[in-house]
Structure formats: structure tokens, C-alpha cells
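Note that the structure is a prediction, hence the values are computed from the model and not measured. Computation of the quantities below employed the complete heavy-atom set of this structure, encompassing side-chain atoms and omitting hydrogens, waters and symmetry-equivalent molecules.
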Amino acid sequence: MDNRAYLGTLDAAQKADLTRKADGPGLWRLAGHGGLILGLGVLIALGVPFWWALLVPQGVLIVFLFTLQHEATHQTPFANEALNEWVGWIIGVILVQPFLWFRYFHFAHHRHTNIPGKDPELSAPKPETWPAFLWHLGTLGYWAGKVQVLWDNGFGAMEAAYLPRAARSRLRREARGMLAIYAVAAASLWVWDVLLWVWLVPILMGFPVLRLYLLAEHGRCPYVADMFLNTRTTLSNRVVRFFAWNMPYHTDHHAYPQVPFHRLPVFHRMIEDRLGVRAAGYRAFTRAYVQALGDQD
């Protein structure tokens with residue numbers, strides 16, 4: 001039984017319970033996640049002793065806001081739709097990832113998960129050799145791609161098939177607005193370099209961690225349409241699940257994207273015996289992935 005067939009076995013009451021949205025869980029988690037970012041940022045800005053040791057944890061906390069932006073594309077972290085949109089857009093500015101563009105990209109990924117030639121995530125193949133793996137973690141190509149998307153959306157050609165023509169004027173405004181914000185931020189560095197140390201340097205240091213984390217979602221999963229097989233759930237601890245907004249339950253999310261992050265543990269308990277691909281943790285996944293790299297020609 002694939003994920004679609006399984007969802008067909010759920011009655012209306014079960015679906016309503018699983019997909020129930022609420023503002024409270026998201027606001028509390030955002031307060032904890034965002035509060036730590038602000039707290040570390042203040043300590044870095046004040047130059048407390050050993051402030052430089054806070055750069056990596058600050059970067060990891062910031063880049064894992066990606067998981068919240070991802071949830072916001074589905075409008076599930078909060079019941080308030082405007083709040084979902086504003087949070088997604090602000091995180092897009094922080095991570096140099098236009099929110100409207102990412103929504104179309106991500107929805108195409110959900111429609112064609114792990115299907116070569118259709119899933120836009122597969123346009124950059126998963127690393128299968130040591131040089132490719134190190135390049136993947138180095139993020140240089142990743143950042144070049146993000147800058148290219150921003151520039152193309154603002155001034156160039158938007159040729160991706162998943163971008164509807166009706167949305168292109170909004171995509172242009174979004175990209176140009178972000179570029180204007182970055183121009184102001186760059187100019188501010190001439191006066192005060194605080195953004196360099198509380199934002200730019202940390203995210204450059206933190207993104208390799210996010211890239212490694214994201215590799216577990218679909219890396220080396222079968223190229224099939226069944227979400228129970230083409231996506232991996234990675235079992236982890238509460239800290240990781242907190243800052244990743246429960247996205248380690250990734251098969252669960254793909255099987256039923258309308259389930260908000262705070263209801264995913266409930267859904268996970270319902271389907272855990274159906275998960276075709278799982279990992280015992282991110283350390284276990286990474287160890288197995290790296291060991292297999294040595295087997296590549």
C-alpha cells in the first residue's frame with residue numbers, strides 16, 4: 001500500500017484531527033528558536049570573551065530557519081495565513097532564498113518527489129564521489145545558484161517550467177525588493193560591521209551543516225513515486241526535532257504535507273511500520289553515506 005492508498009483509509013475525522021492548524025505551537029517554537037538567535041547575536045555584537053566560538057552555533061540556528069520557511073510554503077506552521085507568509089518572506093531574506101520562488105520550486109518537488117527529469121531538487125545530483133561530496137558541503141556552488149536565481153528572478157529570464165507565467169511579475173518584485181535590502185545591508189557595513197558577524201559569517205559557516213542534514217531526506221532513496229519509499233525519516237533527539245521543526249519526520253511530511261509540524265509526531269506513530277526508508281539518526285546516516293562513497297569508481 002503506497003502513501004495515497006493509505007491516506008484513502010483515513011476517515012474525515014482522522015484527517016481533520018491530523019491537519020488541525022494552530023498558532024500557539026508555532027509561536028512558542030519560533031520564540032525559542034528566534035530567541036536563541038537574538039541572544040547569541042547580542043553576545044557576538046557585544047564582543048564578549050570568546051565571542052568567535054559562538055559563530056558556528058549562531059550559523060546553525062539561523063540556517064535551520066530554512067525548515068520553518070519550508071513549512072510556511074505549505075501554510076502549516078501557523079493558523080494565521082498572513083503570519084505564515086510574513087515569516088516565510090523574512091526567512092527568505094535572511095537565507096537569500098526568495099519565498100515565493102521557493103514555494104513554486106518546493107511544490108514541484110512534492111508533485112514529482114525523487115523522479116529524475118521532473119523533481120527540481122534532482123537538477124543538482126546527490127553527491128556519490130568524495131570530490132562531489134566535499135563540493136556539496138563546501139556550499140560554493142549552492143551560493144552561486146542562489147545568487148543566480150535571485151538575479152534571474154529580478155532581471156533575467158525565468159525559464160523554469162515550475163514557475164507559472166502569471167506569477168512572474170510578483171517574482172520580479174520579490175527579487176528586486178530583496179536585492180534592495182541587500183544593497184542597504186552592504187552599505188551599512190561601511191558604518192558598522194555588526195551584520196557581518198551576527199548574520200553573514202555565521203550563515204556561511206552554518207550552511208554545510210544544513211546541507212548534510214538535507215542529504216538525509218532523499219539521498220539514495222529509490223526513484224519511485226511512493227512517498228513511503230522515496231523519502232527518508234531520520235529518527236533523532238528532541239533538540240534536533242525542535243530546531244528542525246519536526247522535519248526529520250520527512251517521509252511522514254511527504255506522505256501527508258497538510259499535517260502541521262506539531263501534529264507530525266502523531267502521524268508518525270500511525271505510519272511508522274509502513275516507512276520503507278529510515279535512519280537511526282543523522283550520525284548513522286552520515287556514516288553509512290560516507291562509507292559508500294569509498295565504493296564509488
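Partners of Glu85 by side chain to side chain contact (heavy atoms under 4.5 Å, CB included), not counting sequence neighbours, listed by chain and number: Gln75, Phe99, Arg103. With sequence neighbours left out, Phe285 forms a ring pair (Phe, Tyr, Trp, His ring centres under 6.0 Å) with Tyr289. Applying the salt bridge (charged side-chain N to carboxylate O under 4.0 Å, His left out) test to Arg29 and every residue at least two apart in sequence or in another chain returns nothing. Looking at residues two or more places apart in sequence or on another chain, you find no side chain to side chain donor-acceptor pair (under 3.5 Å) involving Tyr142. Residues that satisfy the side chain to side chain donor-acceptor pair (under 3.5 Å) test with His136, not counting sequence neighbours, are Arg211.
In the hydrophobic clustering of ILVMFWY residues, with side-chain heavy atoms under 4.5 Å counting as a link, Ile181 and Val147 come out apart.
Between Phe102 and Phe66, the gap from one ring centroid to the other is short of 6.0 Å. Taking the ring centroids of Phe107 and His74, they lie under the 6.0 Å cut-off.
For the pair Asp23 (side chain) and Ala79 (backbone), a donor-acceptor distance under 3.5 Å is present.
Using cut-offs of 30° and 60° for the angle between ring planes, the His106 and His109 rings count as tilted. Ring planes of Tyr213 and Tyr282: tilted class, angle from 30 to 60°.
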Verdict with supporting geometry, Val259 and His253, side chain to side chain contact (heavy atoms under 4.5 Å, CB included): CA-CA 7 Å; Val259 178; His253 165 70; over 6 Å; no

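The hydrophobic cluster containing Tyr223 also includes Leu122, under a criterion of side-chain heavy atoms closer than 4.5 Å among ILVMFWY residues, counted directly or through chains of members.
Between Leu264 and Arg241, every side-chain heavy-atom pair lies at or beyond the 4.5 Å cut-off.
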